[in-house]
Structure formats: C-alpha cells, structure tokens
Amino acid sequence: MPLFKKIGAAALAAGMTVSCLTLPASADEAYYGYNYNWWNEPVPSQNGYVVDRVVTGVDLGVGTLSEPNDIFVDNETGDIYLVDTNNGRIIITDENLNSATVLDTFTYTDEFPEDKSIVKKTNLDSPKGIFVTHYKGETLLYIADSMNSRVIACYDDGRIFFEYTRPSNDLYDADISFRPDKVVVDNALNVYVVIPSITNGMVQFSREGTFNGYYGANRVETTAEVLQNAFYSLFMNREQMRKRARAVAIEIANCDIDDQGFIYTVTSSKNADKDVLKKLNPAGENIYLNMGMDQFMFGDLPLYYGGTSYASTIDDVDVDSEGNVFLLDFSEKRIFQYSDQLDLEFIFGGEGSQKGLFTSPTAIENLNGKVYVTDGRKNTITTFKLTEFGKMVHDAVEMFNRGLYQEAKEPFEEIILRDSNYWFAYIGLGNAYYTMGENEKAMDYFYMNSRGGYNRAFKEYRMDMIREYFNIFMIVVLILIIALVVLSKVIKVIKKKKRAAGGDGNAV
C-alpha cells in the first residue's frame, strides 16, 4: 500500500486490534475478517482462510514440543520439517501432519572435509531454522544450529557432509558472535545465513564454505538522529567522527527464496519504515525499488489507541509457487497475504487462546492452499485452509496478473456480490471493461478505487467522444468559420458604404 494512502484507519482498526479479533465470528472462525480499502481505511471483509486443525507434538506421536521456532514445507515431496528448538531436534512429518519421525542425533560421513574419527556423533543445541533442497537425487537439510555456532548440512537421515562456521576472514567483525538464526540455500548451493546481531546483511557462503561477504543489507533509517549526525559530521575531524556513534541499518529478521531464485527478507521492527520486505536479485539489490514499490507499508497501519501504540513487526515471510507473499506479524499475531504485485488480499489470525489465534507465532509456510503456522508458546502447529471466497479471489487475481482481464470479469463480479468492500475486485472489473473498450464503465469501477486507472480510462473515453462526434464537430466548426468569413465581409461592406456616404456628404 503506497505511502500516500496512509491517511485513515482508526476506529475499526483499533477495535479489531484491541478486542474484536479475540471473539468468535462464527463456529468456524475465531477472528473477524477485514481488509483495507484504497484509502487505507479498515473495512469488514470475508475471510479468505479459516482454521483447519491445531496439532501438538502428542498428536504427531513425538511427545510435547518445546518452543518450535521454524517450519519448512518441501514442495516436491510434501514433507514438513519442524524445528523443535528447546528439545534440540528436527521433526519430519507429512503435509497432513498425521505421523512423524524424529531426527536428533547426527553422524559425520566420510565425505566430511575434516577428520571426525574421534567424534562420530553430534547433537543440536537450540536450533532456530531449517531449509531443505534437493541435489542429485538427495534430500539436503541445512539447519541453523544456533548455540553450537554452526549451520550443518546433512542428508535426511542425519549424515552430516558439511558445517558452516564462523568465518575467519577479516571482513567478519571479530566482536560479533556466529549464532545462526535462519538459513536459505539457492540452486547453486550457496548458503545465506541470518545472524541476529549483524546489520550488514546475511552472511553468504559458497557451496564449499568460503565466506563471500554480506548479502542484502538494509538501508539506514532516515531518522532525526541520523540527519543530525550527518550535519555535525560536516564540522568534525576524523578522530571526532570515529568516536561518534554511527547510524547502522536494522538487521534482517528472516528470509525465504522463491522458485525463480529470488531471495526475500523481512525486517522486524516497529520503527522500520523502509526495507520491511525486500525481493533481492543475485546482486543483493531490492527489485521492489525498481518496481516503484519502495513506499509500500506492510501489516496493520500504525495507530495509537487507549494509551497504547500498535504497529506490526514482521517476523517471517513465505512465498508460494504463484508468487503470493505471506507475512507473519508477531506483534498483532496475524498473517497478511499479498499478491505478487503486493496487493493486500487477506488478513487472518489474531491474538488469543482459541483455535486460529496465537500467543507467540514463530514461523509460517504454505502448501497447496494450506497455511502452516507454529506457535512457540502454545507449542502447536495451526493449519488454515482456503475458503470458497478465498479460492475465488486467488483464481481471479491469477488471471488478472496474467493480463486475462476479460476472463477475470465474471469472478470479480461474483466477488463484489459476496463482498462489496473488496476494493481490488473493482480494479479488476475496471481493467476488464477498459480492455473491452467500454471506458465509461471502466471509469465507474476505477472511480474511488484507482486514480491511475480512472485517468487512463478517462483519456480513452475523451478520445471516444472526439471520434464519435468528430464529423458533427467539424461541420459546426466549418459553419462557424464560414459564418465568421461572411460576417467579416458584410462588416467590411457596411463600413465601406458608411465611408462612401460620409465622403459624399463632405463634397456637397
């Protein structure tokens, strides 16, 4: 949502933030659905997702979970990998969460680059993140083993073939510990590690373990203190500047990678107004900046209500095969789903003890229309499923993003019949009628929903009017020209006669 749309949003958002979402909306929903319209005003809306199941470790047959911190869904196999942090183990289950196996002891293989003849086995100590990929027919697990200060790379049976540890390179700050929190791996098996204490970006390793530097650093927030320091630096010498505290970027909180290899990062801070969500190319550049999406806001709009400040802190990101982006808001305990063009589609979840609500959400993943969310305090996995309305929106938005505006016309009309507040459907219909050449109808749907769309349709409508009435317009213009010419000649004749009459009178 662009920055110029930040005005609005108070009463309804405040009410929902404070109380409404903790009350059941129906037998199947523990939260009220809402969305933001074009002016960032929160409006009631149908839910795109409803809670399906809440699963515990006992349900999986592995005993009680203890602060699960991460979850990964393997799109190829449907297997789900859960990081059970305080129990120091990885739990592997299927997409329906029916049964599970435990991976808590790891062994070093012969291909491990160092001699581990003395220590053959090892265990995890407070693991925080996991990433799974496939290479040459093997399933590879990369685990952020936080308190052991390493990322281990192993097969799915626990055989370790590599460890990524603290870089000895001078570029890595000697005062910063190496406590991996999250990890992703690209198709070339380059490893990207999120270290909470590092503000330079993610730590990047090659497949062979070479430290390649930092990747995707956030920009420094333009605060009053930063501007003040920049002004004072104009009058300082080098020693004074060295002693003065430097402005640094906010560290990256979490990451994900899509099917095309683009890495997404999120920044978890109520004070962040930039780089909250980034889509990075191989060079570490934020693609969203080039798409004009720099001023987008994510999560709920900040507000001050009842003596309390409310603002989202985005702690996790997940991208599905269609490019939809799911953001997990730790502060408000909600999930925000955006299209690949960052149009807000759905908001669901909330804070509470009921099914579908959270006390400490830690990670989010999705597969085949299901969304999986771990809760580190409840020690559960909650699954959400698409509603009929949600599927309708997904299908319509997919056609819209593919440029099939006319094909999307019918589902968008049905969406408006079911939810007149769903503003994006009006834009979809506006584009449908615009491509059909019905610009007046397009203007009706764009009006109050898309300023750019309305201006575009209005220009075409104006040209339509000119084309339709061009002949009449030209005839009228021609008649006016002829009339002016005739009138001019008549006036000249009259003046000539008057001059002649006046001259004759003088002669007499």
Side-chain angles (χ1 to χ4, degrees), residues 54-75 77-95 97 99-106 122-133 139-160 162-164 178-185 191-196 202 252-257 266 268 315-318 326 328 330 358-367 371-383:
V54 178
V55 177
T56 66
V58 175
D59 297 327
L60 292 173
V62 296
T64 304
L65 303 176
S66 182
E67 199 175 329
N69 256 287
D70 201 11
I71 188 171
F72 185 91
V73 174
D74 187 341
N75 291 326
T77 65
D79 290 334
I80 295 176
Y81 298 79
L82 179 68
V83 179
D84 192 10
T85 300
N86 288 347
N87 286 327
R89 59 182 182 171
I90 305 298
I91 297 170
I92 307 172
T93 182
D94 58 32
E95 64 178 289
L97 304 173
S99 59
T101 58
V102 174
L103 192 60
D104 56 3
T105 301
F106 299 81
T122 184
N123 301 103
L124 304 177
D125 188 357
S126 297
K128 295 289 185 66
I130 188 169
F131 186 88
V132 180
T133 189
T139 300
L140 310 181
L141 279 60
Y142 293 78
I143 304 169
D145 191 9
S146 181
M147 296 307 292
N148 280 329
S149 301
R150 63 181 177 175
V151 172
I152 67 171
C154 66
Y155 300 107
D156 56 356
D157 59 1
R159 293 177 295 124
I160 301 175
F162 206 88
E163 288 181 345
Y164 300 86
F178 187 80
R179 296 289 171 82
D181 199 75
K182 305 298 175 187
V183 57
V184 295
V185 180
V191 179
Y192 304 82
V193 185
V194 173
I195 308 291
M202 292 185 286
I252 292 170
N254 217 321
C255 55
D256 193 27
I257 189 168
V266 290
S268 178
D315 269 20
D316 197 9
V317 55
D318 183 56
F326 296 81
L328 179 63
F330 178 81
F358 309 100
T359 56
S360 181
T362 52
I364 182 172
E365 281 282 293
N366 79 87
L367 179 68
V371 177
Y372 303 81
V373 182
T374 55
D375 192 311
R377 190 171 299 167
K378 287 184 176 181
N379 296 316
T380 58
I381 307 169
T382 300
T383 64

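Note that the structure is a prediction, hence the values are computed from the model and not measured. Heavy atoms only: backbone and side chains are in, while hydrogens, waters and symmetry mates are out.
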- Residue set satisfying ring pair (Phe, Tyr, Trp, His ring centres under 6.0 Å) with Y372, at least two apart, ordered chain then number -> none
- Note on the structure: Y164 meets the ring pair (Phe, Tyr, Trp, His ring centres under 6.0 Å) criterion, sequence neighbours left out, with F162, F205
- What's the spacing between D181 CG and M202 CE if we round to 0.5 Å? 12.5 Å
- Message: With salt bridge (charged side-chain N to carboxylate O under 4.0 Å, His left out) as the rule and sequence neighbours excluded, what pairs involving residues 148-159 come up?
- Response: D145-R150, R150-E163, D157-R159
- Those residues that, when tested against F358, pass side chain to side chain contact (heavy atoms under 4.5 Å, CB included) (two or more places apart): K333, I335, P361, V373, D375, T382, F384
- Taking side chain to side chain contact (heavy atoms under 4.5 Å, CB included) as the test, write out the residues that go with N254, two or more places apart. K182, V266, D316
- Message: My understanding is that only residues two or more places apart in sequence, or in another chain, count here; which of them pass ring pair (Phe, Tyr, Trp, His ring centres under 6.0 Å) with F72?
- Response: F131
- With sequence neighbours left out, write down each residue that passes salt bridge (charged side-chain N to carboxylate O under 4.0 Å, His left out) with R89, or none if nothing qualifies. D84
- Message: For D79, give me all partners under side chain to side chain donor-acceptor pair (under 3.5 Å), at least two apart in sequence or on another chain.
- Response: T77
- Would I90 and V83 count as a side-chain contact (heavy atoms from CB on, under 4.5 Å) if you check the C-alpha gap in whole Å, the side-chain angles of each, and the deciding distance to 0.1 Å? CA-CA 5 Å; I90 305 298; V83 179; 4.0 Å; yes
Pairs of donor and acceptor atoms involving the side chains of residues 60-68, under 3.5 Å and at least two apart or interchain, shall be tabulated with distances.
residue: S66; atom: OG; partner: N86; partner atom: ND2; Å: 3.3
residue: E67; atom: OE1; partner: N86; partner atom: ND2; Å: 3.3
residue: E67; atom: OE2; partner: N69; partner atom: ND2; Å: 3.4

- Can you find a heavy atom in the side chain of T139 that is under 4.5 Å from one in the side chain of L141? yes
- Item | Evaluation steps, side-chain contact (heavy atoms from CB on, under 4.5 Å), between F106 and L124 | CA-CA 8 Å; F106 299 81; L124 304 177; 3.4 Å; yes
- Roughly how far, to the nearest 0.5 Å, is OG1 of T93 from CD1 of I80? 6.0 Å
- Item | side chain to side chain contact (heavy atoms under 4.5 Å, CB included) involving S126 - partner list, sequence neighbours excluded | T85, M147
- Query: Looking at CZ of F326 and CG of N366, how far apart are the two atoms once the value is rounded to the nearest 0.5 Å?
  - Reply: 4.5 Å
- Note on the structure: In this structure, OH of Y142 is separated from CD1 of I152 (nearest 0.5 Å) by 11.5 Å
- Side chain to side chain, T105 and N123, heavy atoms closer than 4.5 Å: yes
- Item | For T362, side chain to side chain donor-acceptor pair (under 3.5 Å) partners two or more places apart | T374
- Query: Which residues satisfy the side chain to side chain contact (heavy atoms under 4.5 Å, CB included) test with S99, sequence neighbours excluded?
  - Reply: D94
- Query: Quick one: CG on D59 to CG on L97, what's the gap to the nearest 0.5 Å?
  - Reply: 9.5 Å
